[in-house]
Amino acid sequence: MGGLSVTDLSRLRPEERTKAPPLLWAEAACDALMAHYPDPERLPPERRWHYHQGVFLHGMMRLWEKTGESRYLDYAKTYVDRLVDPLGNLLFARDELDAIMAGLLLFPLHARFGDPRYAAAARKLRGLFDTLNRTSEGGFWHKDKYPYQMWLDGLYMGGVFAAVYARVFGEPALVETVLLQESLMRKHMLDRRTGLLYHAWDESRRAPWADRETGCSPEFWGRSIGWYATAVADIADELPADAPARAELGGALAELLRALARYQDAATGLWYQVVDKSDRPDNWPETSCSALFVYAYARAIRRGWLEPAYAEVARKGWAGLLGRLRFDAGGRLVVPDICVGTSAGDYAHYVARPRSDNDLHGVGAFVLACVEVAQTPELRIFFMEGD
């Protein structure tokens, strides 16, 4: 199977897919969306600085860093350059953590081109941390319209940016802010019985979904746990190798991944929309959370936070993702069964959420998983040589 190209992937039999290089699958995913949206400004929601575009283009930039394929750099750069003016001004929502995530694109562009507008834009996004509303313990509200609520999603939307900003621009105090957010999530949202984390927590207990004693939402939503796991892995990686916080985060991630292994679906290798209720007929395997989990397993194993034996969990998840992929009439890759954007709620709320093909949440998560799997020695034995 040597010498495969992106166009060859659609001709592989299902049992052959895991032999193809992971980076080739990432290219196929990126190329499919680039073909559908040749103008990156049209990525939905159009002409907005938004985490939907952010997660997909962040995955694309990770792919560029590994392959050197300039079309990926150029595409992501065009998105940023259309929204950031020569003085570093940009229009973004100033009352939510979601607005920060796409800022991860600014760091590699700043390093590559040295254009001061990228640093200026990053400083503007960094300033949100000084103005966002907080809980009594200093936890960021996810959005102003969700008062006193912390969501797992928020650690990825703001925390990873903050950790990278602290390293790149020399602001170590910002790391302490990030670590506080993570610690509050574990304090309030971790369920000791299952080892999983609830999607959201409301300090005021006023949200319709909030438990009147704990303040937690009632369910373990897959992608929210995936955001958290990915964020913990990325934040830990930004810390010095000998930092106690790095070891603590690595340990917390490992505990979560050990727990998640118990909920992996034996038949598909994937995880369900509501993680701990796979036995219910209206629940369904969801690809974006499964991709984020595979990413977290691969990173944790590669960094030595998690036992290599869990490579088998990652392998099954990876094979499950590849088994779900489709190709359209033009031979372009389709990532299916992606839950659209979702707020906190009850079980019925989550399982009724629409599923989408090639939603940016899922394609971005899949590309990130591809890049991480390709770098993990414990997983390379499953793929063709030469990747």
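In this chain, numbering begins with 1 at the start of the sequence shown.
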Could you check whether the rings of [X] and [Y] sit parallel, tilted or perpendicular, using 30° and 60° as the cut-offs?
X	Y	answer
Trp271	Phe293	perpendicular
Tyr310	Tyr297	parallel
His361	Trp227	tilted
Phe107	Phe169	tilted

Salt bridge [X]-[Y], side-chain N to carboxylate O under 4.0 Å:
X	Y	answer
Asp153	Arg223	no
Glu372	Arg302	yes
Asp39	Arg82	yes
Arg315	Glu312	yes
Arg117	Asp115	yes
Arg205	Glu213	no
Glu248	Arg186	yes
Asp234	Arg62	yes
Asp98	Lys143	yes
Asp276	Arg262	no
Asp130	Arg126	yes

Would you say Tyr165 and Leu174 make side-chain contact, with heavy atoms under 4.5 Å?
yes
Would you call Phe56 and Cys30 a side-chain contact if the rule is heavy atoms closer than 4.5 Å?
yes
Compute both the distance and the angle, then confirm whether [X] meets the cation-pi test with [Y]: under 6.0 Å from the six-membered ring centre, within 45 degrees of the axis.
X	Y	answer
Lys77	Phe113	yes
Arg11	Phe327	no
Arg134	Trp141	no

Any donor-acceptor N or O pair under 3.5 Å, side chains Tyr37, Asn358
no
